[in-house]
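From a predicted model like this one, the values you see are computed outputs, not experimental measurements. Numbering of ligands and ligand atoms starts at 1, following listing order.
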Amino acid sequence: MQAVLSATPQWVETRHKEPKPLNLHIAAFGVSKAYRKGEHQVPVLRGVDIAVQRGEFLSIIGQSGSGKSTLLHVLGLLDSPDAGEIHLGSQRIDDLAVKTRDELRNRVFGFVFQFYHLLPELNVLENVLAPLMIRESIWTYWKNRRTHAERAKHFINKVGLGHRLTHRPSELSGGELQRAAIARALVGQPQILLADEPTGNLDERTGREILDLLAGLNSSEKLTILMVTHDKSIAAEAHRTVRLTDGRIEGLDIR
Ligand code: ADP
Ligand code: MG
């Protein structure tokens, strides 16, 4: 663990005159993951070490197929590593009982994907409410429904979509779909936002707007953000960029 910590704090040291103490938020230590293709095991992650500070906006770049999505899924407990550990603060989280893991995933992480993954039959408000429905029993949800609706509207307004509450995904532009997906990721008030190519399906200008929105959330809400992209100029908007190559993170800050 010490090696990882000493390999990564360049950002902390270059952005402040006085080095700030590390405040580790999420980390992977020696994470490996392979997929089975027929007879063969295809290694994707081969000992990934990465440490992200609380409030940091980190981008992870790498070629298509380099394992960026796999890494984000493993960090966010959507998938398990074959070897290695995931830590949230000082706690190991990859080996928790399934129920605890599910609850932690739901409460700690917000996910944003390239293709939005909104439910087509629900409108914007209903899509944003969905994580709260999943989190609670039907009875608790029903009791809290007014507060939840207010909270959902708050985040929909925050992403600039207040005028689209009752629109369905088919009635929205790409940028609006991603804004709705970001509101859905925020409604559970996560600590960490994991964004997988969030601008990958958008034209350049709309992509920049989404990026500005993420950067604004990082600074105003102190949200820790890990963003995966294959685009260096998009990655450069983050505080720090690392590259995934040959199943490992290059320690180097590539800006
Ligand atoms: P990236 O996001 O960098 O494009 P991925 O993490 O999606 O890369 O995939 C890395 C490699 O793992 C690719 O070769 C891909 O085909 C393979 N892979 C990803 N998910 C699966 C899966 N569920 N089953 C088998 N192979 C997979
Ligand atoms: Mg991917």
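- Looking at every heavy atom in both residues, Ala235 comes nearest to Thr229 through CB-CG2, 3.7 Å.
- Nearest to atom 6 (O) of ligand 1 among the protein's heavy atoms is Thr70 OG1, 2.5 Å.
- Closest to atom 10 (C) of ligand 1 among all protein heavy atoms lies Gly65 O, 3.4 Å.
- Contacts of Val44 with ligand 1, taken as heavy-atom pairs under 4.0 Å, involve the side chain alone.
- Between Glu56 atom CD and Asn218 atom CG the span is 9.0 Å, to the nearest 0.5 Å.
- Remark: ligand 1 atoms within the under-4.0 Å shell around heavy atoms of Gln63 are 3 (O).
- Pairs of residues two or more places apart, or lying in two chains, that qualify as ring-ring contact (aromatic ring centres under 6.0 Å, His included) and include a residue from residues 122-153 are Tyr141-His148.
- The nearest heavy-atom contact from the protein to atom 19 (C) of ligand 1 is Tyr35 CE1, 3.4 Å.
- Contact check on Arg205 versus Glu209 returns a salt bridge, with a Lys/Arg side-chain nitrogen under 4.0 Å from an Asp/Glu carboxylate oxygen.
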Output side-chain donor-acceptor pairs under 3.5 Å for residues 120-128, partner residues at least two apart or in another chain, one line each.
residue	atom	partner	partner atom	Å
Asn123	OD1	Leu125	N	3.1
Asn123	OD1	Glu126	N	2.8
Glu126	OE1	Asn123	N	2.9
Asn127	OD1	Leu119	N	2.7
Asn127	ND2	Leu119	O	3.1
Asn127	ND2	Leu122	O	3.0
Asn127	ND2	Asn123	O	3.2

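- The Mg ion (ligand 2) has no N, O or S atom of Gln114 closer than 2.8 Å.
- Salt-bridge formation is detected for the pair Arg105/Asp102: a Lys NZ or Arg NE/NH1/NH2 atom is positioned less than 4.0 Å from an Asp or Glu carboxylate oxygen.
- At least one N or O atom of Ser69 sits closer than 3.5 Å to an N or O atom of ligand 1.
- The N/O atoms of Gly67, backbone and side chain alike, include one that comes under 3.5 Å of an N/O atom in ligand 1.
- Looking only at protein heavy atoms, the nearest one to atom 15 (C) of ligand 1 is Lys37 NZ, 4.7 Å.
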